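Single-structure report; data block below.
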Amino acid sequence: MTADSSKNERYNARQAEARWQKVWSERDIFATKNDDPRPKYYVLEMFPYPSGRIHMGHVRNYTMGDVVARFKRAMGNAVLHPMGWDAFGMPAENAAIDRKVHPKSWTYDNIAAMKKQLQSMGLSLDWAREVATCDPAYYKHQQKMFLDFLKAGLVERKQSKVNWDPVDQTVLANEQVIDGRGWRSGALVEQRELTQWFFKISHYSEDLLKALDTLERWPEKVRLMQKNWIGRSEGLLLRFMLDPATTPNKENELEIFTTRPDTLFGAKFMALSPDHPLSQAAAKKNPKLAEFIEQCHRMGTAQAEIETAEKLGFDTGMRAIHPFDRNWTLPVYVANFILMDYGTGAIFGCPAHDQRDLDFVNKYGLGNTPVVCPPGQDPKTFVITDVAYDGDGTMINSRFLDGMTIEQAKEEVAKRLETETRGNRPVAQRQVNYRLRDWGISRQRYWGCPIPIIHCEKCGVVPVPENDLPVTLPEDVTFDKPGNPLDHHPTWKSVRCPKCAGPARRETDTMDTFVDSSWYFARFTDPWIKTAPTDRKTVDEWLPVDQYIGGIEHAILHLLYSRFFTRAMRKCGLVGMDEPFSGLFTQGMVVHETYRAKNGEWIEPANIKIEGIGDARRAMVAATGEPVEIGSIEKMSKSKKNTVDPDDIIAAYGADTARWFMLSDSPPDRDVIWTEEGVQGAWRFVQRLWRLVGEIANIQAPAVRPQNLGESAIKVRKAAHRALAHVSEDIDKLRFNRCIAHIYEFANALGDAIGNIEKAPDDGLSWSLREAGDILVQLFHPMMPHLAEECWAALGHKTLVASEGWPKVEPQLLIEDTITLPVQINGKKRAEVTVNRNATNKEIEAAVLALDAVKKALGGQSPKKVIVVPQRIVNVVV
RNA sequence: GCGGACGUGGCGGAAUGGUAGACGCAAGGGACUUAAAAUCCCUUGGGAGAUUUCCCGUGAGGGUUCGAGUCCCUCCGUCCGCACCA
């Protein structure tokens with residue numbers, strides 16, 4: 001190939017990408033050894049659900065992870081960068097119902113298809129560690145851990161009210177109910193009473209909350225969301241005596257939880273949850289109350305209903321005695337807004353300082369007494385009508401609390417009541433409550449990990465013996481009727497009891513698929529070990545994951561469950577740490593314009609033609625010219641048909657172009673708008689780099705560095721090393737958009753320098769350009785690995801750039817001999833001054849005062865002040 | 001209702017309290033070409049001016065500072081999370 005022909009030849013991404021992928025795979029350069037002595041770095045992207053095709057969100061996510069992996073590898077780390085499949089879940093069952101394919105074959109076909117797609121992206125993954133959660137070799141260990149957790153007291157079976165998804169016909173965890181709807185089906189969730197298996201995540205409430213502070217490399221937003229979700233509140237558990245004359249049964253007290261014991265003298269009523277035992281007991285003797293409770297149960301849990309629901313109550317006739325005044329009794333209501341599963345399911349109501357309580361008393365005419373007076377208010381004139389006051393202030397109308405602050409009053413009430421006893425127990429005790437509930441994991445589905453439990457009529461709940469694990473899913477199941485196919489299976493569930501050998505029944509519920517994803521990161525450290533979920537030594541070497549990357553949608557669900565699971569695993573001796581992910585990054589979504597035809601139908605971008613710009617911008621169906629409306633920019637979704645298929649993009653432009661575009665423009669934590677123009681820009685740059693490298697490769701340059709380098713040579717070296725310093729820092733901080741800007745800048749500088757090479761005698765410029773060419777290729781290698789290999793080879797290297805070390809910055813090249821400082825007069829830029837790098841502030845000041853612009857501004861006067869900020873700016877105050 | 005984030009050209013966005021608009025996209029002009037594509041060069045926040053240059057400008061209004069897109073206060077707007085949690 002002659003120099004001229006190589007100049008004009010376009011880079012054939014399709015051909016080159018396949019070729020380099022083959023080379024990487026044949027030389028197995030991304031395999032990670034577990035006994036590698038170099039410092040470890042574990043980079044992980046949230047593994048995908050094998051839906052069948054990757055989408056642009058995957059491309060963005062995995063590109064970011066791959067940039068980090070390739071960079072850290074070049075930096076000399078032993079990098080673990082694995083991939084697997086979150087392979088259990090509903091869509092496989094839906095496919096079975098709709099298309100009569102078995103969930104297993106559907107899933108594995110999808111895995112094969114998506115693996116091929118991921119491989120076409122050129123990701124530097126260690127595929128030898130691939131795991132699929134639906135593989136018995138994987139879920140066997142999950143079943144074992146379930147039994148370990150059970151032994152450790154972290155699993156519990158209890159009857160409880162659960163979220164029931166009527167469409168998916170299964171139970172959902174609280175975290176999986178979004179706005180009152182199932183996170184997957186979108187159906188309005190109903191309440192049902194069922195016996196379920198629970199992981200006792202609430203056992204770790206305090207620890208999960210406290211440890212958030214240690215997760216310094218997590219986004220503040222995610223930490224805050226978890227903090228709010230755990231919802232810690234401090235208060236008082238307080239026992240009210242009931243007036244025996246008013247109670248239908250022999251109950252004599254009512255325990256409530258409050259965070260506002262200071263407002264005790266503003267109490268106007270007590271309220272019980274409809275599900276409270278006292279309500280239930282009273283209802284047995286009072287049909288009207290029973291009816292009221294029924295009515296409460298009928299009320300939906302949907303967001304809209306709760307928002308508009310009126311506060312309703314039913315007076316039970318019972319009276320509670322005020323803890324500080326035996327002669328003061330309060331009516332006991334059953335109220336629809338009291339939740340049974342928070343606190344004790346009962347409250348005292350202080351209407352003046354709680355909006356709900358105020359709404360309630362205003363409906364039932366119970367009145368209110370303000371007990372906290374806002375600062376600056378006259379207590380005598382301070383009244384509450386429709387708006388409760390929940391701010392700070394001074395205690396009033398509260399006997400011995402009067403004049404105290406809220407905090408003092410809380411303390412005083414607690415002190416008095418916790419030392420008072422009734423029936424050998426203190427009347428009150430301080431308590432911390434959490435919003436976080438235990439994690440219900442039972443799902444009435446087929447395609448999930450079977451819960452390894454046997455129910456025996458005689459022995460009760462019996463764990464499956466370890467030797468019998470895994471409990472595998474039967475393959476001969478039918479999906480012709482609603483409900484759980486495991487339950488319908490003719491034989492699978494009938495077994496012998498491991499204890500008494502009598503007839504018994506298998507648990508037919510399977511585990512929530514979030515269990516599968518709660519420990520896969522640990523399995524990757526040694527996916528080959530058969531006897532245990534992890535090899536203790538290996539897992540402790542690799543974990544925690546140094547950089548975890550995924551969507552913000554898992555801020556609570558997956559990320560909280562995994563934190564719990566790691567703690568539970570530690571308790572069972574399986575890992576040596578509490579936190580699974582020391583660094584977390586949540587990337588933004590890939591969004592795209594939407595297009596809608598006159599008939600309301602959404603049209604795919606691939607079928608759209610755009611004409612005009614700005615206000616004149618019009619969209620039409622490419623084939624027919626039919627005009628369509630350009631809609632809002634939204635997350636790529638099938639329903640709005642605004643998706644772009646990664647396969648199409650890779651076929652048209654190559655993976656490197658797609659990767660490059662994904663990283664450019666938007667900061668990685670924000671949404672990126674996919675545009676055809678942007679992709680074409682990325683593609684043009686691929687070609688430009690190829691031409692640029694081709695030109696550099698054609699330069700005749702000395703093999704060794706010339707003794708003396710001229711000005712233009714040094715300029716090139718400075719540009720290279722400045723880019724190197726910036727890109728290194730920016731990758732390290734995951735600021736990929738800035739990396740890309742710096743690479744553009746560097747490429748522009750090189751282009752200019754090449755233009756000069758024939759104009760002047762070679763003063764080392766040719767050598768510097770060859771050096772800079774190498775650096776350029778190494779810098780863009782993490783983002784565009786195929787093009788980088790092709791360029792690396794074109795520059796005459798026999799190695800793979802993917803296996804090269806990261807170039808070293810020469811710090812002296814980052815320093816200029818002279819610096820140009822902006823000169824401000826009264827804070828506005830008026831001039832510039834160029835001084836020696838080592839000039840003292842005095843010298844700089846003198847140079848500045850000698851400037852014409854400054855002299856003019858001063859008009860012969862001396863300045864009030866001259867501020868010299870070294871290396872930055874000079875400000876003259878006139 | 002509670003909590004949080006954000007607001008910068010035509011667009012995506014740069015900017016440790018220190019030259020606002022890097023870099024990219026789009027647009028306009030030019031070169032090359034029979035022509036187009038591709039490529040290369042120039043221009044591109046608004047306004048005034050022939051030039052040097054000047055004025056205005058980071059949602060609005062105040063404040064702190066020699067200096068504010070950045071810090072503080074008030075307001076407006078957008079987005080996100082939670083939501084009858086006592």
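Letters A, B, ... mirror the listed sequences (proteins, then strands); counts begin at 1. Just so you know, these numbers come straight off a predicted model, no measurement behind them.
Residues in residues 866-878 of chain A take part in no side chain to side chain donor-acceptor pair (under 3.5 Å) pair, two or more places apart or across chains.
In this structure, A:Tyr744 reaches the sugar-phosphate backbone alone: every heavy-atom distance under 4.0 Å involves primed, P, OP1 or OP2 atoms, never a base. Residue-level contact check: A:Ile867 touches the bases, meaning some heavy atom is under 4.0 Å from a base atom. Nucleic acid contact class of A:Asn737 (heavy atoms, under 4.0 Å, all strands): sugar-phosphate only. No contact: A:Lys864 has no heavy atom under 4.0 Å from any strand. Contact annotation for A:Gly681: backbone-only contact, meaning every heavy-atom pair under 4.0 Å involves sugar-phosphate atoms and none involves a base. Residue contacts for A:Val877: at a heavy-atom cut-off of 4.0 Å it reaches the sugar-phosphate backbone alone, with no base atom in range. Residue contacts shown for A:Glu832 include a base, since a base heavy atom lies under 4.0 Å away. Nucleic acid contact for A:Ser233: sugar-phosphate only, since backbone atoms but no base atoms lie under 4.0 Å from a heavy atom of the residue. A:Ile552 comes within 4.0 angstrom of nothing in the nucleic acid, heavy atoms only. Nucleic acid contact class of A:Asp357 (heavy atoms, under 4.0 Å, all strands): none. Using a 4.0 Å heavy-atom criterion, one finds that A:Asn875 contacts the bases of the nucleic acid, with or without backbone contacts as well. Looking at heavy-atom distances under 4.0 Å, A:Ser664 makes no contact with the nucleic acid at all. At the heavy-atom level, A:Glu745 lies under 4.0 Å from the strands shown only through sugar-phosphate atoms.
Using a 4.0 Å cut-off, some side-chain N or O of A:Lys865 falls inside it from OP1 or OP2 of B:rC66. Of the side-chain N and O atoms in A:Arg872, none sit less than 4.0 angstrom from OP1 or OP2 of B:rU16. OP1 or OP2 of B:rA26 sits under 4.0 Å from a side-chain N or O of A:Arg684. Side-chain N/O atoms of A:Asn748 include none lying less than 4.0 angstrom from OP1 or OP2 on B:rA22. Remark: A:Arg670 is in phosphate contact with B:rG13, judged by side-chain N or O atoms under 4.0 Å from OP1 or OP2.
If you measure from atom CD of A:Glu677 to atom P of B:rA26, you get 6 Å, rounded to the nearest angstrom. Following rounding to the nearest Å, A:Met783 (CE) and B:rC23 (C1') show an atom-to-atom distance of 13 Å. Here the P atom of nucleotide B:rC25 and the CZ atom of A:Phe685 are 10 Å apart, to the nearest Å.
Distance check: A:Asp359 CG to A:Phe337 CZ gives 8.5 Å after rounding to the nearest 0.5 Å. Taking CH2 of A:Trp690 as the start and CZ of A:Arg10 as the end, the distance is 13.5 Å to the nearest 0.5 Å.
Between the side chain of A:Arg830 and the base of B:rU19 there is no donor-acceptor pair of N/O atoms closer than 3.5 Å. Side-chain atoms of A:Lys311 and base atoms of B:rC84 include a donor and an acceptor less than 3.5 Å apart.
Below 30°, between 30° and 60°, or above 60°: for A:Phe685 and A:Tyr744 the angle between ring planes is between 30° and 60°, a tilted geometry.
No side-chain N or O of A:Asn228 forms a donor-acceptor pair with one of A:Gln226 less than 3.5 Å apart.
Along RNA chain B, the nucleotide nearest A:Gly678 and the nucleotide nearest A:Asn826 are compared for position; the residue whose nucleotide lies closer to the 5' end is A:Gly678.
In this structure, A:Glu553 has no salt bridge (charged side-chain N to carboxylate O under 4.0 Å, His left out) partners at least two apart in sequence or on a different chain.
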